[in-house]
Amino acid sequence: MAEQTSKQHLVRGAELVPGAPFHPRLGDLALDLAKGGKIGVCVALPSDSSASYHLRPPGGGEDWRARPDGATLRPVPVPVTHVTPMKRDAAYDHRAQQAALPVTVHYEDGGACETMLVLTPAQVELYYSQLGQLIKARESAREHER
């Protein structure tokens with residue numbers, strides 16, 4: 001299942017201030033902020049015999065070390081493949097002036113999560129118009145098939 005990445009906050013000098021540390025297991029991919037966001041496979045964990053994480057580029061190459069507290073490491077997010085609406089009612093909150101449509105987000109690794117697609121009134125009107133055009137195009141295609 002995909003893991004959510006933590007937010008990074010910019011501070012003076014455009015340095016990243018790490019959030020909660022990530023403690024990868026052997027074989028996990030990790031993004032190292034200290035190496036400019038370089039991604040590596042965790043090949044050794046901090047232990048009595050090793051004072052740091054050891055990472056190696058996924059395709060092979062030169063290993064590097066990361067802090068033993070995991071403060072510069074982040075999980076590598078799994079890419080989203082697509083989002084599908086759920087078979088549940090959408091809701092409109094007139095006080096917040098937004099609509100919420102339940103959706104499922106599907107990930108490249110086969111994982112999925114349920115969440116809400118939040119839309120402004122202008123977005124609702126735009127998608128209403130676009131969905132109407134799609135329905136007409138589908139009906140037209142069906143008529144030509146007959």
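Since this is a predicted model, take the numbers as computed values, not measurements.
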State whether the side chain of T81 and the backbone N or O of H106 hold a donor-acceptor pair below 3.5 Å, judged by distance alone.
yes
In terms of hydrophobic clusters joined by side-chain contacts under 4.5 Å, are V124 and M116 together?
no
Tell me, do T84 and V105 make a side-chain contact under 4.5 Å, heavy atoms counted?
no
Nearest 0.5 Å, please: how far is NE2 in H23 from CG in D69?
7.0 Å
Between C113 and Y107, what is the shortest heavy-atom contact and its length?
SG-OH, 3.4 Å
Look at the side-chain heavy atoms of Ile, Leu, Val, Met, Phe, Trp and Tyr, link any pair under 4.5 Å apart, and say whether L126 and L101 land in one connected group.
yes
Quick check on the hydrophobic clustering: are L131 and L117 connected, directly or via other members, by side-chain heavy-atom contacts under 4.5 Å?
no
Would a 4.5 Å heavy-atom cut-off, applied to side chains only, mark H54 and S50 as touching?
yes
What one should report as the nearest heavy-atom pair of P102 and A100 is CD-O, 3.9 Å
CA sep, side-chain torsions, deciding dist, call: V43, D63, side-chain contact (heavy atoms from CB on, under 4.5 Å):
CA-CA 9 Å; V43 294; D63 291 6; 4.0 Å; yes
Measure the CG-OH distance between L134 and Y127 for me, rounded to the nearest 0.5 Å.
12.0 Å
Roughly how far apart are Y53 OH and W64 CH2, rounded to 0.5 Å?
14.0 Å
Taking the side chain as C-beta and beyond, is there a heavy-atom pair between L29 and P58 under 4.5 Å?
yes
Testing the basics here: between L73 and A66, what is the closest heavy-atom pair and its distance to 0.1 Å?
CD2-CB, 3.7 Å
Is it the case that atom NE2 in H82 sees more than 12 heavy atoms from other parts of the structure closer than 6.0 Å?
yes
More than 12 heavy atoms of other residues, nucleotides or ligands under 6.0 Å from CD of Q97: is that the case?
no
R88 vs E114, test: side-chain contact (heavy atoms from CB on, under 4.5 Å). Steps then yes/no.
CA-CA 11 Å; R88 295 198 334 230; E114 296 178 358; 3.9 Å; yes
Let me check something: do L26 and L55 share a hydrophobic cluster, defined by ILVMFWY side-chain heavy atoms less than 4.5 Å apart, either directly or through other members?
yes
Close side-chain approach of P57 to I39, heavy-atom, < 4.5 Å:
no
Run the numbers on S129 and Q133 for side-chain contact (heavy atoms from CB on, under 4.5 Å), then give the verdict.
CA-CA 6 Å; S129 172; Q133 292 171 4; 3.9 Å; yes
Could you measure the distance from the CG atom of D32 to the OG1 atom of T72? Nearest 0.5 Å is fine.
4.0 Å
What's the spacing between L31 CG and F22 CZ if we round to 0.5 Å?
10.0 Å
For the pair Q123 (side chain) and T120 (backbone), establish whether a donor and an acceptor sit closer than 3.5 Å, ignoring hydrogens and angles.
yes
Is it true that V80 and V103 fall in one hydrophobic cluster, defined by side-chain heavy atoms closer than 4.5 Å?
yes
Heavy atoms of other groups near D93 CG, more than 12 under 6.0 Å
yes
